[in-house]
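Shown next, in structure tokens, is the structure this report addresses.
Quick caveat: nothing in here was measured; it's all calculated off a predicted structure. The sequence lines fix the lettering, A, B, ..., with proteins before strands; numbering per chain opens at 1.
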Amino acid sequence: MSYNFKAVEKKWQERWEKEGTFNASTDYTKKKWYGLIEFPYPSGQGLHVGHPRSYTALDIVARKKRLQGYNVLYPIGFDAFGLPAENFAIKNHVHPKIITKQNVDHFREQLKSLGFSFDWSREINTTDPNYYKWTQWIFIQLYKKGLAYKTTMPINFCTGCKVGLANEEVVNGVCERCGSEVVQKEKSQWMLKITEYAQRLIDDLDDLEFLDKIKTQQRNWIGRSEGAEVKFKITNSDEELLVYTTRPDTLFGATYMVVSPEHQMIKKLQDKITNLDEVKDYQHKASLKSDFERAEINKEKTGVEIKGIKAINPVNNKEIPIWISDYVLVSYGTGAIMAVPAHDTRDYEFAKKFGLDIIQVLEGGDILKEAFTEDGTHINSEFLDGLNKEDAINKISDWLEERNIGQRKVNYKLRDWVFSRQRYWGEPIPMVYCEECGWVPIPEDELPLTLPEVKDFEPGENGESPLAKQTEWINTTCPHCGKPAKRETDTMPQWAGSSWYYLRYMDPHNDKELASKEALEYWTQVDWYNGGMEHTTLHLLYSRFWHKFLYDIGVVPTKEPYHKRTSHGMILGTNGEKMSKSKGNVINPDEIVDEFGADTFRVYEMFMGPFDQTASWSMESIRGCAKFLDRIWNMQQFVVDGDEYTPETEKMMHRAIKKVSSDIEEMKFNTSVSTFMTMVNEFYKLKKINKAEFRTFLILLNPFAPHITEELYETLGFEGTISSSTWPKYEEAKTIADEITLPIQFNGKLKGTITIAKDEEEATVKEKVHEAIDSKLEGKTVVKEIYVKNRIYNIVVR
RNA sequence: GCUGAUGUGGCGAAAUUGGUAUACGCACAUCACUCAAAAUGAUGCGGAUAACAUCCAUGUGGGUUCGAGUCCCACCAUCAGCACCA
């Protein structure tokens with residue numbers, strides 16, 4: 001009577017598909033639950049064993065919610081624009097559309113083989129013109145509200161992909177996707193003003209149920225700081241040098257200034273600079289370095305004094321030198337700093353190296369040895385002397401504002417989102433450039449602006465988009481004045497499509513709106529969104545930004561897209577290292593499903609360890625899970641009739657319902673699986689299981705192992721299917737034992753146990769304890785006895 | 001360097017949130033079934049000692065407590081992320 005998982009799993013998957021068992025209802029009067037997993041990028045390598053970890057987890061929650069009577073939306077789709085398909089296209093001269101379709105088909109088949117309860121009728125694909133129509137529409141709305149703008153700026157340029165990258169996409173100085181070196185390059189780019197939403201993106205985290213580490217990471221990424229902007233006059237000039245500082249109270253200790261190599265002031269004042277050649281030489285050298293190299297040489301500071309000009313410290317009118325150095329970044333603050341070497345480690349190093357003045361303005365430390373970076377009472381600071389940090393900051397800020405020399409200022413690390421890609425395989429940016437009218441969005445009724453068919457996917461020599469070669473497509477007329485005009489040839493980044501996809505699932509076939517008002521009202525927000533930690537500061541932040549914008553223009557009814565956000569740990573190879581082809585430790589999910597079946601695969605991924613921690617794959621352990629399912633199948637041999645739990649199992653059954661129900665909500669899937677195993681062991685010990693017990697057991701296990709449980713449910717003759725059944729209930733009173741094994745301790749060390757009735761009188765307990773343990777008390781003095789009701793009895797002895 | 005995690009048997013891991021440390025699984029050993037093996041079922045399994053008794057064990061060292069894997073302080077190790085943020 002061995003379990004034929006292949007036939008059983010196929011049978012149920014076909015049935016679910018035919019009957020649309022898991023399709024969400026459009027009856028908007030029911031209570032709803034919306035669970036979301038990050039839709040996959042359909043790579044050529046197929047599904048990774050890491051994908052099902054997240055998908056199984058939320059599948060379990062989704063299946064449980066359905067049994068609890070919710071109208072569940074658990075959708076799936078494909079984030080299919082992206083560089084790997086395009087790089088493959090370039091190499092093999094196949095249209096990325098074709099490769100993408102192949103990959104999607106493969107992924108779909110793999111996902112279906114795992115028995116996820118996705119609503120396949122709502123499948124979406126970001127490369128579908130009916131989908132990206134609305135991605136383009138959102139872009140036009142952003143443009144209309146002034147949140148999309150074009151600017152020339154030094155950007156990270158990938159020498160391999162020939163595309164500009166957002167800072168967020170650069171990992172250790174190399175391109176996140178292709179690994180090529182990233183250099184700085186001037187380029188005209190579309191940008192999105194995410195910085196305008198910085199404060200709201202911080203504030204609105206408070207009301208969300210995100211894991212704390214996710215909130216912390218987003219807050220740190222946005223990087224709010226409070227300080228002041230201060231203007232420094234420049235000698236023999238009307239120019240002023242604006243700096244941002246978080247410590248305006250240390251102004252008296254500012255002994256020199258540093259500007260970043262890209263700072264505009266140098267150009268403006270070049271006539272007055274006496275060592276211009278030397279300065280320009282330094283600028284040139286700095287431009288050759290990537291951010292990575294700048295960071296790497298962090299031990300040895302470099303810089304050149306800009307001679308011929310000086311800055312004037314506004315608090316004491318002292319003239320101080322201005323230096324140029326690449327430890328100051330043009331992209332943060334104002335690109336210039338006032339240096340307070342006594343109290344900043346970097347400034348201190350720089351000052352020591354170039355022999356600049358160091359003036360201590362806070363009491364404490366030993367500034368002959370190192371910078372003193374802690375708080376202290378102000379000294380050498382005239383009207384600030386004797387004040388603490390907070391008071392001094394307030395006083396100096398008032399002082400600066402009164403004299404119009406500076407003002408309080410909040411600053412963010414977050415930068416605007418570089419939204420242009422010089423690539424083919426992305427959404428075309430629906431903008432037209434007209435000599436007369438400038439940039440004009442195309443009329444909304446012309447959307448989608450589809451990608452033209454091309455044969456050559458290579459980027460142009462200067463990193464131009466492949467679309468730049470499509471003269472016919474480019475030349476158009478201005479929607480505003482009708483004169484000849486040219487289309488934008490850049491496309492959108494991969495994050496565009498994924499910034500709003502959860503909305504499209506709500507009403508995926510709507511051709512009038514991105515989703516109907518009713519659907520949006522009903523399904524928003526996503527109740528639970530699980531995904532990788534690596535998307536915390538990119539995708540998750542971007543989609544929160546877009547959602548907030550859509551809220552502002554009245555498209556969506558809530559400020560935030562996701563109510564709860566959790567993340568799963570990575571699955572490593574059997575050797576404990578990240579799976580990669582080069583290491584040869586990749587586990588292919590197809591082979592696992594083929595050898596063990598989907599249910600075993602799912603149960604194993606949930607059992608392998610705590611959900612949010614990394615776990616290594618183990619072939620031995622998965623065999624244990626296969627054995628567990630076989631044991632369940634073989635319980636049929638001793639099944640007996642019965643409409644109620646038997647006295648021997650009642651407690652176990654009620655406890656299991658309680659435990660599994662709460663474990664699923666808390667993502668403690670591993671301990672749920674142990675609960676099931678313990679139950680099976682118990683039934684084997686009893687050598688019987690009645691139908692009532694079996695039924696409850698099957699429903700509880702169903703979200704984890706949907707195929708075998710449905711099959712057994714049918715075989716045992718229960719009416720209908722589990723998916724049309726309801727989640728079992730428990731009675732709290734029946735989870736509590738009426739007999740308790742009470743541990744007895746001496747000084748916290750276990751000396752024995754006794755059995756007492758639940759809530760037994762303390763006097764009786766004491767009596768029983770002493771009866772049991774007095775022989776061991778001989779020769780000892782009892783100092784104190786502590787009884788914690790129903791828990792423990794501790795005797796303090798000497 | 002900074003930030004954040006994590007350290008429990010041979011291994012993956014539990015621990016009612018301060019109350020019997022090692023549940024559950026893997027591996028291993030013994031037994032049953034078998035001509036035999038596999039599969040399956042049953043039993044055992046942290047360490048020390050002859051011991052059912054005793055002592056020692058949750059990275060290390062302190063502390064708080066009747067009682068600490070859990071709380072506090074210091075340190076060590078491993079992993080991940082960030083990188084001159086003014």
Side-chain angles (χ1 to χ4, degrees), chain A residues 2 171-173 212-213 216-217 220-221 223 225 227 230 243-248 250 254 257-258 260 291-292 294-299 301 325-329 331-340 343-347 349-350 411-413 533-534 536-537 569-570 572 576 578 603-604 607-610 612-625 627-628 630-631 634 655 659 668 670-681 684-685 687 735 741-753 776 783-788 790-797:
Chain A
S2 132
V171 176
N172 293 329
D212 283 342
K213 61 180 175 182
T216 307
Q217 206 168 316
N220 290 344
W221 185 265
S225 67
V230 186
V243 302
Y244 173 73
T245 175
T246 51
R247 295 300 300 270
T250 60
M257 317 279 293
V258 187
S260 65
D291 275 357
F292 180 58
R294 283 197 192 185
E296 214 179 22
I297 49 158
N298 126 36
K299 288 189 182 82
K301 299 246 181 300
S325 172
D326 62 11
Y327 83 92
V328 172
L329 304 179
S331 53
Y332 185 77
T334 62
I337 62 156
M338 62 176 218
V340 185
H343 307 291
D344 181 284
T345 327
R346 288 155 303 148
D347 296 347
E349 275 174 45
F350 193 85
N411 215 356
Y412 301 93
K413 286 187 207 173
M533 221 35 216
E534 70 274 19
T536 305
T537 50
M570 219 190 307
L572 306 174
K578 218 170 163 172
V603 168
Y604 171 59
F607 185 59
M608 69 196 300
D612 62 338
Q613 271 164 242
T614 52
S616 301
W617 192 270
S618 157
M619 277 304 176
E620 285 72 41
S621 289
I622 195 171
R623 264 179 214 114
C625 293
K627 192 168 138 184
F628 163 62
D630 277 336
R631 271 164 79 79
N634 292 331
R655 282 179 180 171
K659 172 83 176 143
K668 291 160 83 178
N670 52 335
T671 52
S672 283
V673 176
S674 343
T675 304
F676 295 131
M677 289 172 168
T678 311
M679 288 170 91
V680 170
N681 291 345
Y684 267 78
K685 226 169 258 167
K687 291 218 165 45
T735 64
T741 308
L742 188 78
I744 303 165
Q745 299 180 331
F746 290 179
N747 301 336
K749 287 195 176 174
L750 186 71
K751 290 293 160 184
T753 59
K776 292 187 183 172
V783 180
K784 197 173 164 189
E785 295 181 33
I786 296 150
Y787 176 54
V788 183
N790 298 333
R791 270 277 162 79
I792 203 150
Y793 200 102
N794 192 17
I795 304 172
V796 185
V797 296

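- In this structure a side-chain-to-backbone donor-acceptor pair under 3.5 Å is present from A:D347 to A:V340.
- Across the interface with RNA chain B, nearest-nucleotide mapping of A:I795 and A:G609 shows A:G609 to be the residue nearer the 5′ end.
- When atom types are taken as modelled, the side chain of A:S621 and the backbone of A:S618 share no donor-acceptor pair closer than 3.5 angstrom.
- B:U43 and B:A29 make up a base pair, with Watson-Crick or G-U wobble contacts both under 3.5 Å.
- Between B:U6, B:C66, B:A27, one nucleotide has an atom nearer to the side chain of A:E620 than all others, and that is B:A27.
- Separation of the P atoms belonging to B:G9 and B:G4 is 27 Å when rounded to the nearest angstrom.
- For B:G12, the glycosidic angle deviates from 0 by more than 90°, giving an anti base.
- The nucleotide whose nearest atom lies closest to any side-chain atom of A:K751 is, among B:G41, B:A86, B:C55, B:C55.
- When distances run from any side-chain atom of A:M677 to the nucleotides B:C24, B:C26, B:G41, the shortest one goes to B:C24.
- Note: CH2 (A:W221) to C1' (B:C82) measures 8 Å, nearest angstrom.
- Closest contact between the side chain of A:N681 and the listed nucleotides B:A13, B:C24, B:A42 involves B:C24.
- A distance of about 14 Å separates the P atoms of B:G47 and B:U22, rounded to the whole Å.
- When heavy atoms are screened at a 4.0 angstrom cut-off, A:V788 is found touching base atoms of the nucleic acid.
- Ring orientation note: the planes of A:Y327 and A:F350 are tilted relative to one another, at an angle of 30° to 60°.
- Of the P atoms belonging to B:C82 and B:U64, the separation is 42 Å, rounded to the nearest Å.
- Across all strands, A:G624 comes closer than 4.0 Å only to sugar-phosphate atoms, never to a base (heavy-atom distances).
- When all heavy atoms are compared, the tightest approach of A:Y244 to A:S225 is OH-OG, 2.9 Å.
- When the P atom is used for both B:A68 and B:G18, the distance is 14 Å, rounded to whole Å.
- With B:A13, B:A42, B:A21 as the candidates, the nucleotide lying closest to the side chain of A:L750 is B:A21.
- Residue A:D344 is out of contact with every strand shown, counting any heavy-atom pair closer than 4.0 Å.
- Comparing B:G69 with B:G46, their C1' atoms are spaced 15 Å from each other, to the whole Å.
- Atom CD1 of A:I744 sits about 7.0 Å away from atom OG1 of A:T753, to the nearest 0.5 Å.
- Distance from the side chain of A:K627 is smallest to B:U40 among B:U40, B:A14, B:A86.
- With a cut-off of 3.5 Å on both Watson-Crick or G-U wobble distances, the partner of B:G69 is given as none.
- In terms of position along RNA chain B, the nucleotide closest to A:T216 lies nearer the 5' end than the nucleotide closest to the other residue of the pair A:A336 and A:T216.
- Between A:N670 and the phosphate of B:A14, there is a side-chain N or O to OP1/OP2 separation shorter than 4.0 Å.
- Look at the P atom in both B:A15 and B:C24: the space between them is 14 Å, to the nearest Å.
- Under 4.0 angstrom from either OP1 or OP2 of B:G41 there lies at least one side-chain N or O belonging to A:R631.
- We find that CZ of A:R623 is positioned 17 Å from P of B:G25, with the value rounded to whole Å.
- Of all nucleotides listed (B:A21, B:C24, B:A13), B:C24 comes nearest to the side chain of A:S674.
- The side chain of A:K784 has B:C66 as its nearest neighbour among B:A14, B:A86, B:C66.
- As rounded to the nearest Å, B:A48 and B:G10 have P atoms that lie 10 Å from one another.
- B:G25 atom P lies 14 Å from atom CZ of A:F676, rounded to whole Å.
- Remark: A:N790 is not in phosphate contact with B:G19, judged by side-chain N or O atoms under 4.0 Å from OP1 or OP2.
- Taking 4.0 angstrom as the limit, A:K749 places none of its side-chain polar atoms (N or O) nearer than this to OP1 or OP2 of B:A68.
- The shortest non-hydrogen separation linking A:V230 to A:T245 is CG2-CG2, 4.2 Å.
- Distance A:Y684 OH to B:U43 P: 13 Å, rounded to the nearest Å.
- Across the strands present, B:A14 finds no partner; the criterion is a Watson-Crick or G-U wobble pair with both atom distances under 3.5 angstrom.
- B:G81 sits 26 Å from B:C11 when the P atoms are compared, rounded to a whole Å.
- Closest to the side chain of A:T671, from the set B:A86, B:A14, B:G19, is B:A14.
- The interatomic distance linking A:D326 (CG) with B:A86 (P) rounds to 18 Å, in whole Å.
- For B:U17, the glycosidic angle deviates from 0 by 90° or less, giving a syn base.
- When the C1' atom of B:A86 is taken as reference, atom CG of A:N411 falls 9 Å away, rounded to whole Å.
- Atom NZ of A:K668 and atom C1' of B:U17 are 9 Å apart (whole Å).
- If you measure from atom CD of A:Q613 to atom P of B:U8, you get 11 Å, rounded to the nearest angstrom.
- Remark: B:U78 base-pairs with B:A5. Criterion, Watson-Crick or G-U wobble with two distances under 3.5 Å.
- Side-chain contact check for A:S674 versus A:F607: some heavy-atom pair is nearer than 4.5 Å.
- The listed nucleotides are B:A13, B:G25, B:C66; the one nearest the side chain of A:F607 is B:G25.
- At a threshold of 4.5 Å between non-hydrogen side-chain atoms, the residues A:I622 and A:W617 count as touching.
- Nucleotide B:U58 has no partner under the Watson-Crick or G-U criteria, as no pair reaches both atom distances under 3.5 Å.
- Taking both residues in full, the closest heavy atoms of A:T675 and A:T671 are given as OG1-O, 2.8 Å, listed atom of the first, atom of the second, then distance.
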